[in-house]
Amino acid sequence: MTTFASGTDTLTRDALTVLQPGFPGTTAPDWLLRRLGEGLASVGLFGRNIASPEQLSSLTAQLRAERDDVLVAIDEEGGDVTRLEVRTGSSFPGNHALGAVDDVDLTREVAHELGRRLAACGVNLNWAPSADVNSNPSNPVIGVRSFGADPELVARHTAAYVTGLQAAGVAACTKHFPGHGDTAVDSHHALPRIDAESSVLERRELLPFRAAIAAGTRAVMSAHILVPTLDPDHPATLSPHILTDLLRGRLGYDGLIVTDAIEMQAIAATYGIERGSVIAIAAGADALCVGGGLADDETVRRLRDALVSAVRAGELPEERLAEAAERVRGLARWAASASASVSDEGVAPAADVTRVDIGLVAARRALTVTASDRFTPLTEPPYVALLTPVANIAVGDETPWGVGAELIRMLPGTETGSFAGEAAGDAVLEAAGARRVVAVVRDEHRHPWMASALDTLLAARPDTVVVEMGIPQATPRGALHIATHGAARVCGQAAAEVIAGE
């Protein structure tokens with residue numbers, strides 16, 4: 001077992017234990033290793049920390065050399081939100097594609113294979129799946145991260161995902177409680193508000209979380225959203241009514257409660273990260289996610305000291321902090337046991353080619369193809385135009401998307417370009433010249449300039465192929481319209497196969 005550094009008192013160890021910080025670089029910095037020796041029990045990984053599976057395995061081994069029971073967490077949803085394959089695009093379609101197929105066995109198998117790859121690299125806690133019901137098509141941050149708009153569909157696939165992931169020895173963290181789907185604001189930037197009656201919340205937002213709890217999810221992540229019906233004064237992350245009375249009381253959940261990133265503006269801009277952290281733990285949260293933006297020792301120290309000071313000032317009951325820390329340690333014990341159990345069963349190695357294509361199989365099944373009589377597969381290299389919206393922070397702008405890379409492989413000579421704004425349609429026509437146009441869009445229904453660009457393209461070039469890689473709310477149009485239900489690399493590959501007739 002881990003030996004804590006001498007001189008670290010119980011209160012300070014507990015304050016460190018409830019933090020889940022991030023850090024820069026592809027190796028662990030000295031300050032992080034030192035904090036692990038002092039009581040820090042979790043770390044969070046982001047795209048900046050990952051260069052390859054081999055490097056990630058070395059990194060997690062470095063962390064475990066300092067603390068053998070450390071929880072190594074990652075935000076790996078598959079689909080549009082990938083950290084494991086941040087520079088190439090995911091080998092797995094995201095939730096919306098899986099919901100479009102609506103085969104719970106497939107969802108379970110995809111989640112298990114994703115979990116197996118994470119476990120092989122030493123990751124044992126995944127901040128996934130999203131159990132949000134995408135009831136607002138204009139939602140700027142959930143979208144294809146949701147299984148869909150039907151609460152029952154979302155519930156059954158959330159449960160299947162939790163089961164598959166945890167069968168691979170990786171703890172699931174179902175998010176974003178009590179549900180982020182009916183928002184028009186991104187909580188990275190401001191505080192969203194959901195004005196729904198209790199009866200609506202019960203049958204819509206809460207249904208998937210009930211299913212996740214029944215499936216045994218080991219963690220639940222809170223949302224930075226205001227739901228006045230449940231608590232008119234505090235966002236969910238800071239609300240005892242939502243975290244303690246509802247989640248623990250009414251829903252009977254007894255696992256780990258993790259906050260969404262505490263430095264997001266929905267919390268930081270109103271409360272500050274220190275005060276927000278204290279209120280969150282007092283409200284019933286057990287672990288504080290931080291490090292997507294603030295990833296340094298100073299942040300860890302500030303939050304540690306804020307929690308210790310709050311206990312000493314009587315603002316945070318010491319037993320509440322101790323309870324939270326014990327839940328973190330309890331999850332660490334489960335993760336160690338689950339990992340050993342899976343290892344004993346002989347999980348296939350990461351290079352096992354008999355299982356690596358399940359993501360592509362799922363992506364192919366998720367396609368919705370609408371073709372006109374005049375469409376024939378492309379045999380000459382086209383011009384691929386990405387009509388590119390601003391990426392939300394959860395997805396990021398460093399992960400490639402589209403169909404260009406696959407069409408370049410299938411039809412050598414294919415060229416690509418990225419376009420945005422009111423003049424995008426004319427710019428595409430000028431760049432494409434006489435070549436066939438493949439227009440790739442993301443949530444056409446949310447971006448008037450994108451719809452206008454397609455109007456221009458189709459008026460001039462009715463043989464244009466349209467690939468929708470977001471939520472397919474707009475009417476299908478073009479000689480060929482393919483809805484992929486997500487922008488993972490495998491979704492692009494599946495669409496390119498149809499375009500090229502492979």
Side-chain angles (χ1 to χ4, degrees), residues 20 42-47 49-50 53 56-57 59-60 64 70-86 90-95 97-99 103-131 145 147 156-175 211-213 215-221 255-256 258 331-363 488 490:
Q20 293 189 344
S42 311
V43 298
L45 300 180
F46 299 87
N49 304 122
I50 300 169
L56 178 55
S57 295
L59 171 57
T60 58
R64 290 200 167 87
V70 64
L71 285 169
V72 181
I74 196 170
D75 193 8
E76 181 57 53
E77 300 177 13
D80 291 31
V81 179
T82 178
R83 313 305 180 209
L84 199 60
E85 300 178 277
V86 66
S90 181
S91 299
F92 302 93
N95 285 1
L98 296 171
D103 178 343
V104 292
D105 291 333
L106 178 66
T107 295
R108 188 180 301 109
E109 191 172 351
V110 167
H112 186 269
E113 176 61 12
L114 176 57
R116 189 183 66 82
R117 295 194 193 182
L118 290 173
C121 295
V123 176
N124 54 12
L125 171 59
N126 191 8
W127 293 318
S130 166
R145 301 167 66 196
F147 288 110
R156 61 179 173 265
H157 285 278
T158 297
Y161 199 105
V162 167
T163 301
L165 190 64
Q166 294 188 164
V170 175
C173 182
T174 306
K175 62 188 184 185
I213 292 167
T217 187
R218 293 288 164 174
V220 169
M221 178 176 282
L256 189 78
V258 184
L331 182 58
R333 289 191 294 270
W334 176 88
S337 174
S339 176
S341 175
V342 170
S343 297
D344 290 344
E345 293 173 7
V347 173
D352 180 3
V353 296
T354 65
R355 302 181 64 184
V356 296
D357 289 335
I358 186 62
L360 181 56
V361 169
V490 287

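The residues of the chain are indexed from 1 along the displayed sequence.
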Inter-residue atom distance [X].[atom1] - [Y].[atom2], 0.5 Å rounding:
X    : Y    : atom1 : atom2 : result
L45  : I74  : CG    : CD1   : 5.5 Å
T217 : L165 : OG1   : CG    : 8.5 Å
L256 : S42  : CG    : OG    : 7.5 Å
S90  : R83  : OG    : CZ    : 11.0 Å
T158 : I213 : OG1   : CD1   : 11.5 Å
C173 : Q20  : SG    : CD    : 7.5 Å

request  = Would you indicate whether the side-chain heavy atoms of E85 and S91 approach each other to under 4.5 Å?
outcome  =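 Heavy-atom side-chain distance check passes, below 4.5 Å.
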
query = Are a donor atom and an acceptor atom from the side chains of T82 and E77 found within less than 3.5 Å of each other?
reply = no

Side chain to side chain donor-acceptor pair (under 3.5 Å) with [X]: which residues, sequence neighbours excluded?
X    : value
T107 : H157
S130 : D132
Q166 : none

[Y] backbone acceptor or donor facing [X] side chain under 3.5 Å:
X    : Y    : result
N124 : L71  : no
T60  : L56  : yes
R145 : N95  : no
S339 : A335 : no

inquiry  = For V72 versus V123, what's the shortest heavy-atom pair and its separation?
reply    =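 Where V72 meets V123 most closely, the heavy atoms are O-CG1, 3.3 Å.
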
request  = Taking all non-hydrogen atoms of both residues into account, name the closest pair between P93 and A488 and its distance.
outcome  =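 Heavy atoms only, the tightest pair is CA-CB, 4.1 Å.
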
